[in-house]
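Contents: one structure, followed by commentary.
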Amino acid sequence: MNSIGGLIVRDIRIALRSGGAWLLGLVFFAVFLSMSAIALGGEFKTLRPLAPALIWLAVVFSLLFSFEHLFSDDAEDGSLEHIKLSGMSMNAYVLAKVCAHWLLAILPLIIALPLAVLLFDLPTDILLGLFVSMVIASPALVCYGAFSGACLVGFKGGGFLLVLLTIPLVIPVLIFSVSGAVSFQNASLFQVLEFQALAGISLIAAAIGIPAAAAALNTVME
Amino acid sequence: MNSIGGLIVRDIRIALRSGGAWLLGLVFFAVFLSMSAIALGGEFKTLRPLAPALIWLAVVFSLLFSFEHLFSDDAEDGSLEHIKLSGMSMNAYVLAKVCAHWLLAILPLIIALPLAVLLFDLPTDILLGLFVSMVIASPALVCYGAFSGACLVGFKGGGFLLVLLTIPLVIPVLIFSVSGAVSFQNASLFQVLEFQALAGISLIAAAIGIPAAAAALNTVME
Amino acid sequence: MISFLANPLRFKKFANVAAPIFGLLALFLIGSGLYFGLYNSPEDQLQGHSVRIMYVHVPAVWTGMAAYAGMAFASLLAYIWRHPLSDELARALALPGAAFTALGLITGALWGKTSWGTYWQWDGRMTSTLILLFLFIGYMAVWAGIDDKRRAARIAGLVAMVGSINLPIIKFSVDWWNTLHQTSSVSMPDAPGLPGSILLPLMLMTFGYTFFLGWLVLSKMLNKIASAKTRRKRPAAATTTLEKL
Amino acid sequence: MTTATKTSSQLVVTDLAVSRGDNLLIDGLSFSMDAGDTLWVAGSNGIGKTSLLKCIAGLLRPDSGHVVWGEQDVHKYISSDTGYQGHHDGHKPNLTVLENLRFWQSVFASPIAPEYALEQVGLSAQINLRAKGLSAGQSRRLSLARLLIKRASLWILDEPAAAMDAKGRSVIHALVGEHVASGGCALIASHTPPEKIGNNTRVLTLSGAEHE
Amino acid sequence: MTTATKTSSQLVVTDLAVSRGDNLLIDGLSFSMDAGDTLWVAGSNGIGKTSLLKCIAGLLRPDSGHVVWGEQDVHKYISSDTGYQGHHDGHKPNLTVLENLRFWQSVFASPIAPEYALEQVGLSAQINLRAKGLSAGQSRRLSLARLLIKRASLWILDEPAAAMDAKGRSVIHALVGEHVASGGCALIASHTPPEKIGNNTRVLTLSGAEHE
Ligand code: HEM
Ligand SMILES: Nc1ncnc2c1ncn2[C@@H]1O[C@H](COP(=O)(O)OP(=O)(O)OP(=O)(O)O)[C@@H](O)[C@H]1O
Ligand SMILES: Nc1ncnc2c1ncn2[C@@H]1O[C@H](COP(=O)(O)OP(=O)(O)OP(=O)(O)O)[C@@H](O)[C@H]1O
Ligand SMILES: [Mg+2]
Ligand SMILES: [Mg+2]
């Protein structure tokens, strides 16, 4: 337990030291939304119905590339070997990395959500729907991403392959999140079918993704 | 001249050796379009008017991340030092990298364009417009990207900062390209004002971007 | 059966006999399937001759899905027992599986052009078939991108297994998403209700494709075993001496 | 060559075969080490020293054979009683020397103060320098400090003296001497002539199948 | 200490000051080297050897002072007549040994066959191995081969013997000897005791401001 905490603290500290690089996931989020708005013509009338989809696409793509370095830095500089020799289980290690990543990459997006909604002039209940869908769906995103990231360690130029591996896993999340956010308008939290599905997917993703990522890391290290 | 050719050949060879990683820019392109179509509900009625914008966004984002490793690999493993000491001018080096990158990253997208149009059931004259706009605008994209990539060398997790640096430069290209592709329907090639503007931007980007990237690399190495 | 074939020698014997049989069967079944399908079956009242694309399309998609299932199962066996032969099986299934899936997509697109006027619709089945193709490509990319083949096998196996657990979720979500959004959904005839004149060539083609897949996989694996044998003999290891200082 | 009595700090290597790519590097290697033993691994470049050490640490799967350390096969259950220093130092460039060590202290749940370890390896002055600013030798010293913090009984050192100055080399010598004197084992790959450390120093020389 | 006559292969360092971060490492250093000279740079870890060599190669800007090589200030116009071997080897892991060298041959526009250079450094057997499969010593040998291909008159070697076995060290010695005999200059940073190479071997020892 102690060493899981240590790992989380270290990861956050490294992130804060990296010259603001961790904040730039947020920047990508903002840039993606603005670019889409510009490319799509910029009228609220056309943009408003597209907004939940665009916001979720922004979330997915902003996260996607962050998984590339989740494990590869530790593997390349040799620290992963020392962690393995420390007797810490790979599952615990992956769990710690996933938690740190949630704090560093997803939490800022959740906090920034109201700003994004401003860009599209969306009603508050859709904002709320987006908010709930992000909270419920984010474990699935991080766990699948961690699995893909682990598979890619030692795989140069892996960014694009990461896309290929993660996307099929993420598509259901995307579908349920977007339509869940929209249907939240007319229903109470526990009635929204999509949110129930998302919760299930998150559970499955955590149960499969973390051990699978640990297994991949064990293999890759040999 | 000889060493520029050598560099291009080496870059292409490295790319081909990387287990198909270079092809995955194309994959990202396809994945981005499919994900957008899925997130936006999948009806041609809504998708068709958005298609040129989505396709251009896919091009921009698929390229964007490819610039991260354009120079940083050479810088990190020490080969850039040896290239500098070889007496090859940095401008020539950047030019070679840019040409190789055009061949590896942009050419496949141009070739794959018809497929993308299939996904949105677009008419042929818009396909042609997209095609022309990509050919004219691509030098601008590569040169701006190279400049940002050069600025980021030695900057861990720079991918997102790259986004931030490149986007303001790329936005005019995006605007002109999308509206050029659409207005191409009703005009002949040389009448489309946007294409003239794009050609101008490409010239300027090459004239500024390449020396600026060279200067950035010179600075970063110290 | 599995443990019986796990021995490379026995597998080789089996494959040497089975591969040509599979090949011939495939040839015969596909040939007769094409005959019944293209000449000796009724036109559809609505779609005319273009209905015949079905005899290529439907079996292709089915075979592609079967190939993925086989790949995931072989990966599971390989992962648990670390048996190289099942890795080879999984790997050999990937390319043909992707090819059949692509064939299904292409013929489906052609069919779509003739019956709906567009090559593509963002319809549930079609979308999940596309994602299946992405999964195949991802699996193959892992093999291509990792040099050490033992490592590549395990990682690719994990990818196949995680993908297979997720496939039902993908299918469920996509079908459900499609029914929500697509009002003018296209009705596909249900297989059980089909008349025999359609069912016969369909079944012939399906079995023909399956045997073709089997033939491809077995020959590829035989090739692998043969080339592993002929690989040049490894140089001798270092001699070690241990002495007290 | 294996012995029957198994004490908890005994390393037994039985019939080990290690390969890299298509090359079989080591075949049929058996030896054992007891508390207080030192083993130098010598051999020309590319003969397989690094691969052997990684295999004994449990980081590289052997083609066949077993490595048993403290009664367990390290390729079944990785042993946390092993300290390894490889060619890669494994420091985070943007953390300071002290922060790097603090992190390892928490991972190893070690009672040793990082400051004390840094003093031992002569790195006290760089305590607040970011790791990316370390010179080649200083970076090696930092990984030596990590080894001290871990307090494992089996030390596996891959060319610890590389990039070290004369003072650094004598520090390594002294530390290894202390370690084996207190009942540890040490395996050291090196290109420098082996020196006697502790009571039982042996040299394992790999030779012959030169791949050059 | 500077001499008045300037031949084309003379290195003149005048009043050089080099700093890293906040530390002034070297101050007021002046010396010159003529064709055939060898200069060893010695000093403890972190004293500034690497920084000095990089500065002389033109890769690190000095605080003040000049480095003139072949009549030009290397910090104004970088000299392509310099061969540098640093701590990083700079090989592309996914290209084979031969492909890596071929690339450098085309960059340097050199007439020397890569195969010949590989034979000289004893790496002929690895010619088709990808660079990521090289052992530590083999990787150093490959960068030595790059140096041979470049045929520069000034060699700057930063711990070339690190990770090398005895045979490798004698290869380096022989190559540097040949180089200075044919009118080249060599600057070598090292932790091993300096040996006499060529007619005029000098040792530049950095000491004093120990940062540890
Ligand atoms: C690229 C386009 C298409 C794709 C990817 C596709 C995909 C599929 C898939 C995955 C199946 C197997 C479904 C299952 O067994 O549950 C299937 C079956 C079938 N498809 Fe398509 N399809 C496409 C286009 C079409 C078109 C345009 C038609 C006809 C108008 C069509 C008619 C059928 C029929 C009749 C079946 C067999 C009946 C059944 O299994 O329910 N498909 N297709
Ligand atoms: N980027 C940097 N920022 C701050 N300090 C640095 C940086 N790079 C090096 N230093 C410091 O400068 C000093 C000299 O480093 P240098 O690498 O030149 O030493 P060295 O003599 O080559 O040592 P070694 O023998 O260990 O290779 C060291 O004390 C190091 O801590
Ligand atoms: N991933 C790999 N693929 C193929 N061959 C490899 C790989 N890794 C190492 N080798 C080869 O295995 C051999 C042993 O490498 P190893 O690193 O164990 O040597 P070493 O004895 O430590 O050498 P050095 O003294 O140079 O460090 C080398 O000949 C090397 O070329
Ligand atoms: Mg080694
Ligand atoms: Mg140094």
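Any value given below was found using the heavy atoms of this structure, including those in side chains, with hydrogens, waters and symmetry copies removed. The chains referred to below are lettered A, B, ... by the order of the sequence lines, with proteins before strands, and numbering in each begins at 1.
The distance from the CG atom of B:L118 to the NZ atom of C:K113 is 9.0 Å, given to the nearest 0.5 Å.
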Query - Candidate pair C:W122 and B:L47, rule side-chain contact (heavy atoms from CB on, under 4.5 Å), full reasoning - result: CA-CA 10 Å; C:W122 287 97; B:L47 287 176; 3.6 Å; yes

Query raised in the report: Are B:F44 and C:T118 close enough, and set up right, to give a side-chain contact (heavy atoms from CB on, under 4.5 Å), and what steps lead you there?
Result: CA-CA 10 Å; B:F44 280 146; C:T118 71; 3.9 Å; yes

Requested in this report: Output, in order, the C-alpha distance, side-chain angles, deciding distance and verdict of side-chain contact (heavy atoms from CB on, under 4.5 Å) for C:W120 and B:F120.
Outcome: CA-CA 8 Å; C:W120 185 260; B:F120 297 104; over 6 Å; no

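Looking at B:I38, both its backbone and its side chain come within 4.5 Å of chain C, counting heavy atoms on both sides.
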